[in-house]
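Accompanying notes for the structure given below.
What you see below is based on every heavy atom in this structure, not just the backbone, and it leaves out hydrogens, waters and symmetry mates. Just so it is clear: chains get the letters A, B, ... in the order the sequence lines come, proteins before strands, and each one is counted from 1.
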There are 2 protein chains.
Amino acid sequence: MPKVGMQPIRRRQLIEATLEAIDEVGLADATIARIARHAGVSTGIISHYFDGKDGLLEASMRHILGDLGSAVSERRRALGEAPAQAHLHAIIDGNFDRSQTSRSVMKTWLAFWASSMHHTNLQRLQRVNDRRLYSNLSSQFRRVLPKRQARDAARGLAALIDGLWLRGALAQEGLDVERARQLAYDYVREQLDTP
Amino acid sequence: MPKVGMQPIRRRQLIEATLEAIDEVGLADATIARIARHAGVSTGIISHYFDGKDGLLEASMRHILGDLGSAVSERRRALGEAPAQAHLHAIIDGNFDRSQTSRSVMKTWLAFWASSMHHTNLQRLQRVNDRRLYSNLSSQFRRVLPKRQARDAARGLAALIDGLWLRGALAQEGLDVERARQLAYDYVREQLDTP
DNA sequence: TTTTATTGATTGACCGTTCAATAAAAAAAT
DNA sequence: ATTTTTTTATTGAACGGTCAATCAATAAAA
């Protein structure tokens with residue numbers, strides 16, 4: 001079994017197992033024993049590849065953030081010089097991408113949000129992400145709206161996206177992605193139409 | 001020192017201490033020893049008055065929920081038959097009441113949200129609250145809008161409120177209550193104006 | 001022979017709960 | 001009015017349990 005080049009495989013396995021464990025019992029009870037069991041390996045391996053539990057958690061958050069970044073930028077890359085509305089819709093779609101709307105990922109996001117209030121490394125990651133969303137939205141609104149209005153529209157849309165997402169995570173029925181996107185689209189339209 | 005009638009006093013003290021501890025180190029590290037120290041009592045007292053830590057946490061969440069309910073209903077009581085917009089503004093104002101926008105309360109909210117995904121008793125409390133916000137908003141929009149439109153407006157506004165709140169809790173600068181309220185007002189206006 | 005991969009028992013720290021002990025007020029009895 | 005009993009309040013050490021981290025041992029590839 002053991003040979004060279006296991007690192008990337010194990011790391012992916014363990015991150016996936018982390019999300020499963022958090023989905024199953026929450027971050028507070030996602031022990032390394034449970035995570036290791038999900039991945040089908042021993043506990044020692046976690047320290048070996050991630051320098052301990054904290055390292056694994058940070059890597060897991062980075063992983064989700066990476067997926068989000070990809071989901072957004074892939075959609076936008078095809079757009080080029082398209083109108084602001086198209087870019088705004090792409091950003092919305094990216095935020096409601098399948099990779100971000102599974103139960104386990106939404107739960108993990110929520111757990112990391114709460115946790116980031118007290119762990120500076122997670123906090124840093126989360127803030128980079130927050131700002132990126134805001135500044136992407138802001139610069140697109142800025143193409144069609146005066147500065148103050150663009151800023152408010154960006155703040156509002158960012159909050160609406162996060163709020164839809166949060167309520168979807170908490171709701172029994174889960175997140176209705178189609179309806180959420182539609183509500184966000186409506187917000188964009190109203191912001192762009194209003195003179 | 002010891003005499004009769006300590007129960008309500010200790011309960012309030014311990015709930016307050018819980019919020020302080022969560023603000024200080026987060027729910028995960030808010031041990032009963034730390035909470036008891038904040039309240040200036042011994043650890044045993046927590047089990048005595050709350051049947052253990054879980055009971056205290058649930059009571060703390062109930063306390064915050066109670067404050068929120070009061071903040072909203074007090075504002076609305078004075079309104080009577082006032083137009084829908086006035087009621088909607090009152091609901092918004094209640095949700096951004098001082099009792100709900102302090103750092104410690106916002107942090108605690110976020111922690112409880114994450115925790116409620118895996119503790120059915122907290123989940124119940126949180127869902128009752130979610131539904132109340134939605135149904136309050138919905139019934140007010142229903143006075144001026146057709147059913148589907150009212151439903152969507154309520155969903156959107158609920159998400160916007162929660163999202164503004166969430167981003168305020170996570171942001172370095174904290175929540176700018178005045179600006180948040182204004183964005184929510186704007187959303188209401190756009191929903192009511194659009195025919 | 002060296003390097004990489006992996007295991008899992010052990011260790012040390014910590015946490016929530018329990019409970020016997022203590023103290024003071026309230027209630028009952030004298 | 002005084003003593004006795006009961007009730008309420010509180011403490012904090014002791015206990016049982018859990019967890020993350022460590023590390024010596026093992027095994028297979030390089």
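Sorted by first and then second residue, the ring pair (Phe, Tyr, Trp, His ring centres under 6.0 Å) pairs with a member in residues 71-93 of chain B read B/His89-B/Tyr185; sequence neighbours excluded. For residues 128-137 of chain A, every residue pair satisfying the side-chain hydrogen bond (donor to acceptor under 3.5 Å, both in side chains) rule, not counting sequence neighbours, is listed here: A/Gln126-A/Asp130. Sorted by first and then second residue, the side-chain hydrogen bond (donor to acceptor under 3.5 Å, both in side chains) pairs with a member in residues 64-75 of chain A read A/Arg75-A/Asp97; sequence neighbours excluded. Counting only residues at least two apart or in different chains, ring pair (Phe, Tyr, Trp, His ring centres under 6.0 Å) contacts with residues 25-70 of chain A are absent. For residues 101-126 of chain A, every residue pair satisfying the ring pair (Phe, Tyr, Trp, His ring centres under 6.0 Å) rule, not counting sequence neighbours, is listed here: A/Trp109-A/Trp113, A/Trp109-A/Trp165, A/Trp113-A/Trp165.
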| request: Using a 4.0 Å cut-off on protein heavy atoms (strictly under), produce a 5'-to-3' string for nucleotides 16-21 of chain C with B for base contact, S for backbone-only sugar-phosphate contact, and - for none. | output: BBB---
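Protein atom NE2 of B/His48 is 16 Å distant from nucleotide atom P of D/dG12, rounded to whole Å. The distance between atom CE of B/Met6 and atom C1' of D/dT10, rounded to the nearest whole Å, is 11 Å. Note: CZ (A/Arg10) to C1' (C/dT7) measures 12 Å, nearest angstrom. Counting to the nearest Å, the C1' atom of D/dA21 and the CD1 atom of A/Ile45 are 14 Å from each other. At whole-Å resolution of the value, CG in B/Leu14 and P in D/dT11 are 10 Å apart. The nearest whole Å value for the distance from the CD atom in A/Gln7 to the C1' atom in C/dT4 is 11 Å. Put simply, CD1 on B/Ile35 is 12 Å from C1' on C/dC15, counting in whole angstrom units. For the pair A/Asp29 CG and C/dC15 P, the computed distance is 15 Å after rounding to whole Å.
A donor-acceptor distance shorter than 3.5 angstrom exists from the side chain of A/Asn95 to the backbone of A/Ile91, with no hydrogens or angles considered. For the pair B/Arg142 (side chain) and B/Leu145 (backbone), a donor-acceptor distance under 3.5 Å is present.
For the segment residues 109-124 of chain B, no residue has any heavy atom less than 4.0 angstrom from an atom of DNA chain C.
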Compile the donor-acceptor pairs under 3.5 Å between side chains in residues 150-157 of chain B and protein atoms, sequence neighbours left out, one pair per line.
none

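Among the protein residues, A/Phe50 comes within range of no part of the nucleic acid, since none of its heavy atoms lies under 4.0 Å from any strand.
Every residue two or more places apart in sequence or in another chain was checked for a side-chain contact (heavy atoms from CB on, under 4.5 Å) with B/Asp51, and none qualifies. Every side-chain contact (heavy atoms from CB on, under 4.5 Å) that A/Arg189 has, sequence neighbours left out, goes to A/Asp186, A/Asp193. For B/Arg143, the side chain to side chain donor-acceptor pair (under 3.5 Å) partners at least two apart in sequence or on another chain are B/Gln140.
Secondary-structure annotation of DNA chain D gives the stems C:1-30 with D:1-30, with a stem taken as at least 3 successive Watson-Crick or G-U pairs whose two distances both fall under 3.5 Å.
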